[in-house]
There are 2 protein chains.
Amino acid sequence: MAPRGRPRDTQVDERVLRIAAALIAERGYTGLSIDEVAEQAGVAKTTLYRRWPTRDHLAVAVVARLQADDEITDTGDIRADLVDYLEKIAAGLNRMRTAGGREGASAGVAGELVGAAARHEDIGRLARDQYARRNALALALIERARLRGELRADLDAEALFDQLAGALYYRVMITGAAVDRAYAERLVSSALEGSLTCP
Amino acid sequence: MAPRGRPRDTQVDERVLRIAAALIAERGYTGLSIDEVAEQAGVAKTTLYRRWPTRDHLAVAVVARLQADDEITDTGDIRADLVDYLEKIAAGLNRMRTAGGREGASAGVAGELVGAAARHEDIGRLARDQYARRNALALALIERARLRGELRADLDAEALFDQLAGALYYRVMITGAAVDRAYAERLVSSALEGSLTCP
DNA sequence: CCTATTACGCAACATGAGTTTCGTATTACT
DNA sequence: AGTAATACGAAACTCATGTTGCGTAATAGG
């Protein structure tokens, strides 16, 4: 079952990803130089390109490691569950945003990854797959709350989650503001309670 | 009052922006080559760099021209006004998204601009300024509706607009889906009416 | 008219991403 | 043991961005 030729040195992947992560954390996305990673890792540039076709792909691999697996919890209280889930997503975003020391700047690494997704089909697909997984989890959570009568029967679950997740991304990417638990709570309250005067 | 030295050839700006727009529309963001723009425009590369410090800045200048000035209309019906405004924003996003012919792909030009904003402080500031202007308009619109009793008194206007605009951006950038009037209506309905079962 | 100032074009250059070529090393299969 | 297949390393290469230096053109002010 093992492939024919010489097997890949698996230690290389480990070492390269660690060094690349350090470079991004230290100098930001732009400071991630293929030549420098290769030199510090003690491998040839061709060895890197055999694993990651572009610098963007390497960066995505680095960030993917930092992302927790965002498991969802269903306590039966939809408000608390949504806030928890948003906070998990926000934590991942903040971890990217602050990588590279450009605290107050703009979107930071998160923004560059959106650019990478726009440049490369496959990275875009990856991002969309991750979104789809999140979306499925969230929609199921919302649907359960709807069935037990916590939420309106004629709810638009997709629109609801787009609003919540979208506002998080919007704030981080466009406005560059931080997102914390307090903001997540504001979002959930606003979305759940609506804005019309109650008749 | 005129500056001391030789004045800039203003025709150059016009010509370059037109050519750059054509290149982006034809081959996408990556297909925008400084050398090629310079050649087609019949100017030296240094002349381009005197006006736009990087390729990203040139691209931003091109796209900025395509953006309508998003004036807001206040008819007194907050639901219709919000849908209209979202549709205007979405139209701008779609115009960027489809530039370059990569219809179904990912975020397209819009995503690359987020990357540009992440790479360059000043572009990020520009984007945030535009956001701030939009935000101010929308918040004023919402506030007027609140004061005339159309919306709840304890409304969180900022959260409301973040949700609406955020969902639009989220959908275009991350999921790559199109945004049309129908989607804008779903968003506004969901946000205004809320998700809780009405007590 | 003369000078300081700025714009323009041209060519050379520096840098980093990504590719290509080739010789060598490591593995599976026969 | 021999062979095909794959990985690795090293060096040279291509290409586009962005920079630098210099000669020349255009403008305002003295």
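Every chain is numbered from 1, with letters handed out A, B, ... down the list of sequences.
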K.L.:
With a 4.0 Å limit, can you tell me whether B/Arg50 has a side-chain N or O closer than that to the phosphate oxygens OP1/OP2 of D/dG18?
P.N.:
no
K.L.:
Mind checking if B/Leu48 touches a base, just sugar-phosphate, or nothing, with heavy atoms under 4.0 Å?
P.N.:
nothing
K.L.:
For B/Glu36 and B/Arg4, find the nucleotide of DNA chain D closest to each by heavy atoms; which residue's nucleotide sits nearer the 5' end?
P.N.:
B/Glu36
K.L.:
Measure from the side-chain heavy atoms of B/Asp35 and tell me the nearest of D/dT17, D/dA7, C/dA17.
P.N.:
D/dT17
K.L.:
Between B/Asp9 (CG) and D/dT27 (C1'), how many Å, whole number?
P.N.:
14 Å
K.L.:
Under the 3.5 angstrom rule, does the side chain of B/Asn94 hit a backbone N or O of B/Val179 as a donor-acceptor pair?
P.N.:
yes
K.L.:
Roughly how many Å is it from CZ in B/Arg119 to P in D/dT17, rounded to a whole number?
P.N.:
13 Å
K.L.:
Applying side chain to side chain donor-acceptor pair (under 3.5 Å), name anything that partners A/Asp13, two or more places apart in sequence or on another chain.
P.N.:
A/Arg51
K.L.:
Contact class for A/Leu32 (heavy atom, under 4.0 Å): base, sugar-phosphate, or nothing?
P.N.:
sugar-phosphate
K.L.:
With no hydrogens and no angle check, is any side-chain donor or acceptor of B/Gln163 less than 3.5 Å from a backbone partner on B/Ala191?
P.N.:
no
K.L.:
5'-most contact on DNA chain C: B/Arg51 or B/Gly5, nearest heavy atom basis?
P.N.:
B/Gly5
K.L.:
Looking only at the side chain of B/Ile34 (C-beta and beyond, no hydrogens), which of the listed nucleotides C/dG9, D/dT17, D/dC8 gets closest?
P.N.:
D/dT17
K.L.:
Using a heavy-atom cut-off of under 4.0 Å over every strand shown, decide if A/Val43 touches base, sugar-phosphate, or nothing.
P.N.:
sugar-phosphate
K.L.:
Counting side-chain heavy atoms from C-beta on, which of D/dT17, D/dT27, D/dT6 comes nearest to B/Pro7?
P.N.:
D/dT27
K.L.:
Figure out the OH/P separation between B/Tyr49 and C/dG9, and round it to whole Å.
P.N.:
15 Å
K.L.:
C/dG18 P sits how many Å from A/Trp52 CH2, rounded?
P.N.:
14 Å
K.L.:
Just how far, in rounded Å, is P of C/dA11 from CD of B/Glu39?
P.N.:
13 Å
K.L.:
Taking 4.0 angstrom as the limit, do A/Asp180 and A/Arg171 come out as a salt bridge?
P.N.:
no
K.L.:
So, applying ring pair (Phe, Tyr, Trp, His ring centres under 6.0 Å) with A/Tyr170, which one of B/Tyr170, B/Tyr169, B/Phe161 is it?
P.N.:
B/Tyr169
K.L.:
Counting only side-chain N and O atoms of A/Arg8, is one of them less than 4.0 Å from OP1 or OP2 of D/dA7?
P.N.:
yes
K.L.:
Of the listed nucleotides (D/dG21, C/dG16, C/dG18), which one gets closest to any side-chain atom of A/Arg55?
P.N.:
C/dG18
K.L.:
When you measure from the side chain of B/Thr46, which nucleotide among D/dG21, D/dA16, D/dC8 comes out closest?
P.N.:
D/dG21
K.L.:
With nearest nucleotide decided by heavy atoms, which residue, A/Thr54 or B/Gly42, maps closer to the 5′ end of DNA chain C?
P.N.:
B/Gly42
K.L.:
Let me know the distance between CZ of A/Arg6 and P of C/dG23, rounded to the nearest Å.
P.N.:
17 Å
K.L.:
Can you find a donor-acceptor pair, distance only, under 3.5 Å between B/Lys45 side chain and D/dG18 base?
P.N.:
yes
